[in-house]
Protein chains: 2
Amino acid sequence: MSGQGAFERVTIYDVAAAAGVSTATASKALNDTGRMSSETRDRIRRIARELGFRPNSLARSLTSKRSFTVGLLTDDTYGRFTLPVMAGISEGLIDHGVSVFLCTVEDNPELAKVHVDAMLDKQVDGVIATGKRIDKPLPVELSHLPVPVVYALTAGPAEAVTLVPDDRQGARAAVQHLIAQGRRRIVHITGPGNFRVVHERARAYAETLEAAHLPVSEAGTLRGSWSERWGHEAVAALWAGDDRPDGIFCGNDQIARGVVDALRERQVGVPRDVSVVGFDNWEIVAEQTRPPLTTVDMNLKELGRQAGLALMRLVNGEAVEKGLWKLPCTLVVRGS
Amino acid sequence: MSGQGAFERVTIYDVAAAAGVSTATASKALNDTGRMSSETRDRIRRIARELGFRPNSLARSLTSKRSFTVGLLTDDTYGRFTLPVMAGISEGLIDHGVSVFLCTVEDNPELAKVHVDAMLDKQVDGVIATGKRIDKPLPVELSHLPVPVVYALTAGPAEAVTLVPDDRQGARAAVQHLIAQGRRRIVHITGPGNFRVVHERARAYAETLEAAHLPVSEAGTLRGSWSERWGHEAVAALWAGDDRPDGIFCGNDQIARGVVDALRERQVGVPRDVSVVGFDNWEIVAEQTRPPLTTVDMNLKELGRQAGLALMRLVNGEAVEKGLWKLPCTLVVRGS
DNA sequence: CGTGAGTGAGAAACCCTTTTCTCAAGGCAA
DNA sequence: TTGCCTTGAGAAAAGGGTTTCTCACTCACG
């Protein structure tokens, strides 16, 4: 099986000796550089394969000044957003032979500094900062590191590359979907006003209604918490009045879940009487709702992948457009 | 433009030259090895500090055969369990100067192999495997890697170190709490029977009742899905009969949430008439439930930390007890 | 004064790979 | 035959540290 060389690692000296050549020749044969007869090259390669030779990245990095590692900093240990982003980064970079150092720093500046120093000592080629909120920075200053930095789903300086989902476009898609379903009285039930995403989504909601010549009022946007309970409460408040909506765009899936449940308790048919659209495509919520939620997916894994690729371009010295990159969201149409 | 690596790194040669000594002496001064006058040692150290010298880990690893990195493999990109475990690992290891390579492998054996090979090439000192289910292994064989492996929250071979929460003890604590609240008719509403944790918790539930001389029947354990909906359904079924419980131990917090909501809809007082205990301490669920859920915390971050420390001991060649390590759970008492 | 022990520090080897420079040999034109 | 060019390959250095070995020197003792 694999991994038989458990004791002594095979080095390029072993390959060279077995092939009766120098390490220089062996190196060149394996890296497809230098000049030599194709017989020699093939023979060395065959022997390397037979011996199970795997070059020591550390030694290679020492001369190449490239470690093929990057550091990933996050302040999120529980959230559901970070993991897909990290998975995307890891997946996008492994294709380039790059491995990712995971560093969780909570909100602890000293811990963050320790991690950053450890990363730098290990000669990372670059750093990705990621977090739980796009309007809060990590507890450590990364702007004058000796390596490039990319920000994903966390606040970064204006002159850096920062990747976030395009909340406006996602919200627009959601509201347009409601309009396309023939809904005309559309409200927006969303989270706390001190989140930037709440502003973005609410603004896009209002603009989309306006563009469709539908009535839009400040009262159409209800701010609360990111919870099912708030969904319940908002429906209770709306149904207590006369001007009941026939379409509801929710700021996240939990609110939408609460909304759908509250409507069902009131015998209001979803989507017969009211259409509901959520945000996040948190599958455990969206798919379990009855009916399953139509919702906006932020494509976080893809966002992570793009962040990784952007960093690679910076590391390679290629030109990369600075500033905020807004990545498209996708509407996932289910039953609501 | 910052971060174009324009800075020249300070090497030990620079320090040695500035101090007028050889690199050997500089190395020994900085590592507190070898023999020299304390004036020399202090002077070299001071100069190193002034120059901002930071040793290149790569070069150091090349000779020391220790890279102070470990690989972390996970098959979970969405779950809520993995992130705290990873955070604990990262936190526990950074104290040892060890950084963690994050590798997400989904259920893809080839991807997993690529990641493992990349890790090995980068000379990781060890590997930690973690996942979403303690009864499913990762899609890659790790048992004859040339470095030690520790398993956390995923299935590992019998002869390895595997860390999992002590589900039995946690379940026992939950049921004992219900009994201490004066509850006597206690049922268990839990997840699908093909999860090992379902068996463990159900068994501990039954044993604890038995030990307290309370009635225990197979009908007292209701298996369903890990969803709020199932909590609702189970309550509906129970309250349709005559033998209604006064204590409910739920297999996870989502079920408990559904149970509490269903009870409230039925005007059953929690905890006035019925006490409910969940499992997981998923704060976003447990704290939002009305009343807030009393639940079992699996201390996943601590589990991760222990996994990291166990790996370090293996790497250092210290004796480590093999087999399944069951780490204690903690009952978090809230309002239910 | 000769001897031995202890001390402080440097030279050199080593870790593993890449890369530059050098060189011998052979082919070919003059 | 001489001289130049090409080709294939190796010697050596580099990369940034650590570690072993050696050595010169001082001091105390007999």
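Just so it is clear, the values below take in all heavy atoms, side chains as well, and ignore hydrogens, waters and symmetry mates. Lettering follows sequence order; numbering is per chain, from 1.
As a whole-Å value, the separation of A:Asp121 CG from D:dG17 P is 10 Å. Computed from coordinates, the B:Tyr13 OH to D:dT18 P distance equals 11 Å when rounded to whole Å. As rounded to whole Å, 14 Å separates atom C1' of D:dT20 from atom CE of B:Met36. Taking atom CZ of residue B:Arg41 and atom C1' of nucleotide C:dA9, one finds them 12 Å apart after rounding to whole Å. The CG atom of B:Asp42 sits 15 Å away from the C1' atom of C:dG8 (whole-angstrom rounding). As rounded to whole Å, 18 Å separates atom P of D:dG17 from atom NZ of B:Lys65. For B:Arg9 and D:dG17, the CZ to C1' distance is 12 Å, given to the nearest whole Å. One interatomic measurement links the two molecules: CG of B:Leu58 to P of C:dT17, which rounds to 13 Å at whole-angstrom precision.
The side chain of B:Ile12 lies closest to D:dG17, out of D:dG16, C:dT17, D:dG17. With distances taken from any side-chain atom of B:Arg60 to the nucleotides D:dG17, D:dA9, C:dA9, the minimum falls on D:dG17. The side chain of A:Val21 lies closest to D:dG10, out of D:dT18, D:dG10, C:dC15.
For C:dC14, neither phosphate oxygen OP1 nor OP2 lies less than 4.0 angstrom from any side-chain nitrogen or oxygen of B:Thr63. Residue B:Asn31 places at least one side-chain N or O under 4.0 Å from the OP1 or OP2 atom of D:dT18. Close to D:dG17, at under 4.0 Å from its OP1 or OP2, lies no side-chain N or O of B:Ser61. For the pair A:Thr25 and D:dG10, the criterion of a side-chain N or O lying under 4.0 Å from OP1 or OP2 is met.
Under 3.5 Å, the side chain of B:Lys28 and the base of D:dG17 form no donor-acceptor pair of N or O atoms.
The residues B:Arg305 and B:Glu302 are annotated as salt-bridged, a charged nitrogen and a carboxylate oxygen being separated by less than 4.0 angstrom. Look at B:Arg46 and B:Asp42 and you find no salt bridge, because none of the NZ, NE, NH1 or NH2 atoms lies under 4.0 Å from a carboxylate O. By the 4.0 Å N-to-carboxylate-O rule, B:Asp32 lies close enough to B:Arg41 to be salt-bridged with it.
B:Ser64 comes within contact range of no nucleotide atom at all, as no heavy-atom separation falls under 4.0 Å. Heavy atoms of A:Thr33 sit nowhere under 4.0 angstrom from any nucleic acid atom. Using a 4.0 Å heavy-atom criterion, one finds that B:Arg54 contacts the sugar-phosphate atoms exclusively.
Judged by closest nucleotide on DNA chain D, B:Asn56 is the one of B:Asn56 and B:Arg35 placed further toward the 5' end. Positionally, the nearest nucleotide of DNA chain C for B:Gly20 lies more toward the 5' end than for the other of B:Gly20 and B:Leu62. When the nearest nucleotides of DNA chain D are assigned to B:Ala24 and A:Ser37 by heavy-atom distance, the more 5′-ward of the two goes with A:Ser37.
When A:Thr130, A:Leu138, A:Asn108, A:Thr104 are each tested for a side chain to side chain contact (heavy atoms under 4.5 Å, CB included) with A:Asp75, only one passes: A:Leu138.
Of the possible polar contacts, one joining the B:Asp125 side chain to the B:Phe68 backbone as a donor-acceptor pair under 3.5 Å is found. Checking side-chain atoms of A:Ser67 against main-chain N and O of A:Gln123 turns up a donor-acceptor pair under 3.5 Å.
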